[in-house]
Amino acid sequence: AVPRRVVQVYAGPVGAAGARALQLAMADAGGPLVQSRRWTGAADDAAGLDDVLADVGSGDTLVLWLPRDAWVSLARHRPAPPSGLYRLLASGQMADVDQALPPSAWQRAAVFSYLLDPPGRRELRMQRNLRPWLAGKPVAPADERVLGNALTACNLLTESVARLQGRLVRDRLVEVLEAYPSAMGNAPAPQAYTRFELGPGQRFSARGGYLVRLIDESPPRLDPVLEWTVP
């Protein structure tokens, strides 16, 4: 079975970029009809939400590119997703799905893309590697994912420059960075991703992700329905 069509609802520039990328990918793959619809995601825009969901129903796949605040508005205006959907898919990173909030019926029904290491494993790395380094330093509290990734980038660059042994040649530095996993061990500990690899022509260190469901427990947890996959 395949969905009769894919309807994307997005909010904001990040959501628009995600919807555009998926629409192009589906067109290249010869998939079902894809319709992309913008919603403001605002708490007072119930009418706009009604418009974009008016004809969504049986046999459709609904894809949500919505930030966290828009999910709150969504549940307030529509307590549950349309009935008969083929799939309900969503961006987990935009939704901050790992922030352990009480999930709505929408969140319980959705399958989320999730590009980071699972929260339990990532928490252990933060405890052992990021927080001890931050202790006593004049760094303002912030998102630990951002802090850990920034520290990883600094560590990677510092160690790579040190390996140049004073011969500061740009192209050689790039070669050392590309060889980082094999030359110096695997993923630097503070970063937030399951895999961390660079290589010749490989400028993205993490290229895969999971599909997860939000399990309504106390506290809620993420349960992979598809293991780490690189498209």
Side-chain angles (χ1 to χ4, degrees), residues 1-99 101-116 118 204 206-216 220-231:
V2 296
R4 68 185 182 99
R5 63 175 178 169
V6 175
V7 179
Q8 302 189 93
V9 177
Y10 67 89
V14 175
R20 183 166 56 251
L22 180 58
Q23 189 154 16
L24 291 173
M26 293 289 285
D28 290 343
L33 174 67
V34 179
Q35 297 180 357
S36 298
R37 304 173 181 181
R38 179 181 175 274
W39 177 47
T40 65
D44 59 355
D45 192 16
L49 181 61
D50 288 341
D51 288 343
V52 298
L53 294 180
D55 63 340
V56 177
S58 181
D60 290 332
T61 286
L62 179 60
V63 181
L64 302 178
W65 300 93
L66 301 177
R68 184 173 178 174
D69 290 347
W71 279 85
V72 176
S73 302
L74 178 69
R76 179 180 299 124
H77 299 316
R78 288 282 191 101
S83 60
L85 289 177
Y86 178 79
R87 288 278 192 280
L88 175 59
L89 304 173
S91 166
Q93 205 153 346
M94 286 189 68
D96 284 336
V97 70
D98 55 0
Q99 296 304 305
L101 296 176
S104 68
W106 284 88
Q107 291 164 317
R108 288 192 292 268
V111 173
F112 292 91
S113 61
Y114 191 73
L115 307 182
L116 307 175
F204 291 90
R207 296 174 304 284
Y210 298 97
L211 291 179
V212 300
R213 286 192 183 277
L214 188 60
I215 305 301
D216 191 5
R221 64 179 174 85
L222 298 180
D223 186 34
V225 296
L226 181 68
E227 289 301 321
W228 183 265
T229 301
V230 178

4.5 Å side-chain heavy-atom contact, [X] and [Y]:
X	Y	answer
R20	S36	no
R78	D50	yes
V111	R87	no
Y86	R4	no

Distance in Å, [X] [atom1] paired with [Y] [atom2], rounded so as to fall on 0.5 Å steps:
X	Y	atom1	atom2	value
L74	L53	CG	CG	7.0 Å
T229	R207	OG1	CZ	13.5 Å
L62	L85	CG	CG	6.0 Å
Q8	L66	CD	CG	11.0 Å
R213	R108	CZ	CZ	12.5 Å
I215	L222	CD1	CG	8.5 Å

Could you check Q107 against V97 for side-chain contact (heavy atoms from CB on, under 4.5 Å), going step by step and ending with a plain yes or no?
-> CA-CA 8 Å; Q107 291 164 317; V97 70; 5.8 Å; no
Using every non-hydrogen atom in the two residues, find where [X] and [Y] come nearest and quote the distance to one decimal.
X	Y	result
A75	S104	CB-CB, 3.8 Å
D45	W39	O-NE1, 3.1 Å
L115	G208	CD2-O, 3.7 Å
P103	P220	CD-CG, 3.9 Å
T40	A11	O-CB, 4.0 Å
P32	V6	CG-CG2, 4.0 Å

Would you confirm whether H77, through its side chain, and A43, through its main-chain N or O, come within 3.5 Å as a donor-acceptor pair?
->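 Checking the backbone N and O of A43 against the side chain of H77, a donor-acceptor pair under 3.5 Å is found.
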Any donor-acceptor pair under 3.5 Å linking the side chain of W65 with the backbone of M94?
->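 Such a contact is absent between W65 side chain and M94 backbone.
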Parallel, tilted or perpendicular: rings of Y210 and Y114 (30°, 60°) |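 Y114 vs Y210 ring planes: tilted.
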Could you tell me how the ring of F112 sits relative to the ring of W71: parallel (under 30°), tilted (30 to 60°) or perpendicular (over 60°)?
->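 Answer is tilted, since the angle falls between 30° and 60°.
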Knowing that exactly one of D60, D51, D55 qualifies, which makes a salt bridge (charged side-chain N to carboxylate O under 4.0 Å, His left out) with R37?
->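 Only one of D60, D51, D55 forms a salt bridge (charged side-chain N to carboxylate O under 4.0 Å, His left out) with R37, namely D55.
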Greater than 12 external heavy atoms within 6.0 Å of R38's CZ =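 Open: at most 12 neighbouring heavy atoms sit under 6.0 Å from CZ of R38.
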Apply the test side-chain contact (heavy atoms from CB on, under 4.5 Å) to residues L22 and V34: give CA-CA distance (whole Å), side-chain angles for both, the deciding distance (0.1 Å), then the verdict.
-> CA-CA 9 Å; L22 180 58; V34 179; 5.7 Å; no
Would V63 and V9 count as a side-chain contact (heavy atoms from CB on, under 4.5 Å) if you check the C-alpha gap in whole Å, the side-chain angles of each, and the deciding distance to 0.1 Å?
-> CA-CA 6 Å; V63 181; V9 177; over 6 Å; no
